[in-house]
**Q** 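First, the structure itself, so that you have it in front of you.
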Number of protein chains: 2
Amino acid sequence: MADVAAAAGVSVSTVSRALRGLPGVGEEQRRRIEGIAAQLSYVVSPDASRLARGGTGRIAVVLDNVDRWFFGTVLAGIERVLRAADFDVLVYHVDGEEERQRFFADLPARRKVDGVIVVALPAPAHEFARLSLMGVHVVVAGGRMGEFECVRIDDVAAARTAVSHLTGLGHRHVAMLRTRDSGGAVWPTDQARTEGYLEAMAQVGVRPEDPDALLGDQDTPLGGTHPVLTIPFGADHGWAATERLISGPHPPTAIFAHSDEIAFGCLQALRHHGWSVPQDMSVVAIDDHPLSGVMGLTTVAQPVRTQGELAAMAMLGSLGGTPVAGAGGAGGAADHVVATTLVVRGSTGRPREAGAPLGSDG
Amino acid sequence: MADVAAAAGVSVSTVSRALRGLPGVGEEQRRRIEGIAAQLSYVVSPDASRLARGGTGRIAVVLDNVDRWFFGTVLAGIERVLRAADFDVLVYHVDGEEERQRFFADLPARRKVDGVIVVALPAPAHEFARLSLMGVHVVVAGGRMGEFECVRIDDVAAARTAVSHLTGLGHRHVAMLRTRDSGGAVWPTDQARTEGYLEAMAQVGVRPEDPDALLGDQDTPLGGTHPVLTIPFGADHGWAATERLISGPHPPTAIFAHSDEIAFGCLQALRHHGWSVPQDMSVVAIDDHPLSGVMGLTTVAQPVRTQGELAAMAMLGSLGGTPVAGAGGAGGAADHVVATTLVVRGSTGRPREAGAPLGSDG
């Protein structure tokens, strides 16, 4: 404002009065000052302006793995909606267990934002509960965590859809590839997808030797009817797990992978070892990653950008005092569930007749 | 502060004096007030505190396509370095031509940040030059734009490395797949990679019919010795372009793709049509995407997260008045170039002898 005053040859208070439309400045003088301010591209400090109104105009987005498609796509959806409502997005990338623990201990976004959107993180409940100390509304995108409002898919149903597609084709020996991060933390989605897998297998009368152990987060023996392996996220780990499965004494006829990127590794490992897909092995996953079309992967598609957009809309609704309609239980925070769709491509088919040679029609 | 005062049974000004270490508050009283403030997790408003010091404590990151691996990974690198220096990251996701134009016209980050890091955007110079109106330091990550400080790879050299690898194997009929966004804007990296391609081909005596037309952004005829196609980014477009190349009268023996994700589409299309890789067609690209290992793609690896980290360090250096050492020309902004490495996998090999049948050893 001092620059405008100097250029106009008037006092700072005159500039202030002119730009705020207060009396005591002539119309011609006001126009001249406005013109100079426009030339100098004078803008009111948004921080000072927001502070006066009591809000920061910013929303924190907390996520790990922003370099993965799912998280980047959710962020894109959040940013688009918040930007349109004139909110800025502060990104907190918590990369691994140590950074995550530090984030929830220190809450660095405190007093800097009007709300927090967390993209599903593998955080234990006691860490996560600290978010309530921030005194702002919290929305979770891409999973359910604690009692906070959330936008997600029904992971149990999505897994059931994927595995029922396999059992409907005649598969009874279906392996599952679960995932967790390198620190060993359990993903909110992973437990639910394992439940869906067990439900779909139970519907055709197949039960693991020890379901409690499985839900308790232990791998089952490779030779069993329910080989379940827990691997770090990534196509290379999908490749390595597939090699373990096909080199065992009783390889499954189908693999259900936690996500498409893991399944890409399965497909490539099978191809590398001369196994035909789907003749020798069917593969199905959850996501519908942008590469799944060219990879020919059958998958349960989830709307990812939409989950980010809905989470941002839920946040705006809470800031404006307008709760967004949700499916939450009595007294609980809203739980917005978006629909998934089975997309059948070339990676799934009927299991080979027992005794037919591997790779004979690949 | 009012909450602390109420809990301690003293005035707000006493709390203020106690916490700021001013005289007039006894030592015991001060310790008691500090204890209550700690219990109530009192924190000074960061905005008010920063405003008093004259900085915002925030850096804007402007990017499009945050849902793509390259951009998300650069963002992760930027965020890590800035967070460690106690800066917050404001993300501006400009998705497509219209949002990009609006961003550069309105400069919504103005007065909200101490600096701007732009992840290489396909913006024309006149739009981009408006960033200087913000009056803060600008750093570009992942490409060169205008005269701003930048961190990037040498795209000409990277393309020359990829294509020289092909010509060294004996290929003379090499197609290139360039890319641009749906609005038709040219990527800063794309022009440079095309130059590298032309240089490597010229080194073995192969020149396009009309190099000026090519650098002027026109596709060459499919039947020529230099089939160059410009496609939107994406594996599906790589697939479609490959189908065009292999259905033409004189298919090339090798494809150089702008980036790995496009090349994945090439590999899958070739496989789908029964072409063996590398016997019938070699494929090479630039990136070293996380999936390139399982896809068996030969590529020129670029350090992506590092580019984000270095861009953030350059920004911190400029804010602290310490210019980071760079390779900039006399008087120009620093130009930090990071090294690339050829990673040879299974997708490249010698061209098939003329006349040998396609797919005979796939």
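Chain A is the first sequence line, chain B the second, and so forth, proteins listed ahead of strands; every chain is numbered from 1. Since this is a predicted model, take the numbers as computed values, not measurements. Worth knowing before you read on, the calculation uses all heavy atoms, side chains too, and leaves out hydrogens, waters and symmetry mates.
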**Q** Is any side-chain heavy atom of Leu267(B) less than 4.5 Å from a side-chain heavy atom of Leu297(B)?
**A**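 Yes, side chains in contact.
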**Q** Kindly compute the distance separating SG (Cys266(A)) from CD (Glu261(A)), expressed to the nearest 0.5 Å.
**A**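 It comes to 12.0 Å.
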**Q** Using a cut-off of under 4.5 Å on heavy-atom pairs, state which of Arg80(A), Gln268(A), Glu99(A) scores highest against chain B.
**A**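 Max contact count across the listed options: Gln268(A).
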**Q** Under a 4.5 Å heavy-atom cutoff, which of Ala76(B), Gly265(B), Gly72(B), Gly346(B) has the most pairs with chain A?
**A**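 Between Ala76(B), Gly265(B), Gly72(B), Gly346(B), the count favours Gly72(B).
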**Q** Is there a side-chain contact between Phe87(A) and Asp114(A), using heavy atoms and a 4.5 Å cut-off?
**A**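 A side-chain contact under 4.5 Å exists here.
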**Q** Are the side chains of Asp280(A) and Ile246(A) in touch, meaning some heavy atoms are under 4.5 Å apart?
**A**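 No - every pair of side-chain heavy atoms lies 4.5 Å or more apart.
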**Q** Name the residue from Arg58(B), Arg83(B), Lys112(B) that meets the salt bridge (Lys or Arg N to Asp or Glu O under 4.0 Å) definition with Asp88(B).
**A**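 Per the salt bridge (Lys or Arg N to Asp or Glu O under 4.0 Å) rule, the option paired with Asp88(B) is Arg83(B), out of Arg58(B), Arg83(B), Lys112(B).
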**Q** Heavy atoms only, distances under 4.5 angstrom: which of Leu75(A), Val61(A), Asp95(A) has the most pairs with chain B? Name it, please.
**A**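 So the answer, after comparing Leu75(A), Val61(A), Asp95(A), is Asp95(A).
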**Q** Between the side chains of Asp64(B) and Arg100(B), is the shortest nitrogen-to-carboxylate-oxygen separation below 4.0 Å, so that they form an ion pair?
**A**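 Looking at Arg100(B) and Asp64(B), the cut-off is not met.
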**Q** Using non-hydrogen atoms only, which part of Trp69(A) is less than 4.5 Å away from chain B: side chain, backbone, both, or neither?
**A**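 It is both, since atoms from each part get that close.
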**Q** As an exercise: rank Tyr92(A), Phe71(A), Trp239(A), Phe264(A) by heavy-atom pairs under 4.5 Å with chain B and give me the winner.
**A**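 Sorted descending by pairs with chain B, the first entry is Tyr92(A).
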**Q** Quick check on the interface: out of Asp236(B), Leu107(B), Val66(B), who has the most heavy-atom pairs with chain A under 4.5 Å?
**A**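 The candidate making the most pairs under 4.5 Å is Val66(B).
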**Q** If you count heavy-atom pairs under 4.5 Å with chain B, which of Leu291(A), Val304(A), Val74(A) comes out on top?
**A**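 Result: the option with the highest number of such pairs is Leu291(A).
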**Q** Name the region of Phe70(A), side chain, backbone, both or neither, that has any atom closer than 4.5 Å to a heavy atom of chain B.
**A**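 Neither part, no heavy atoms under 4.5 Å.
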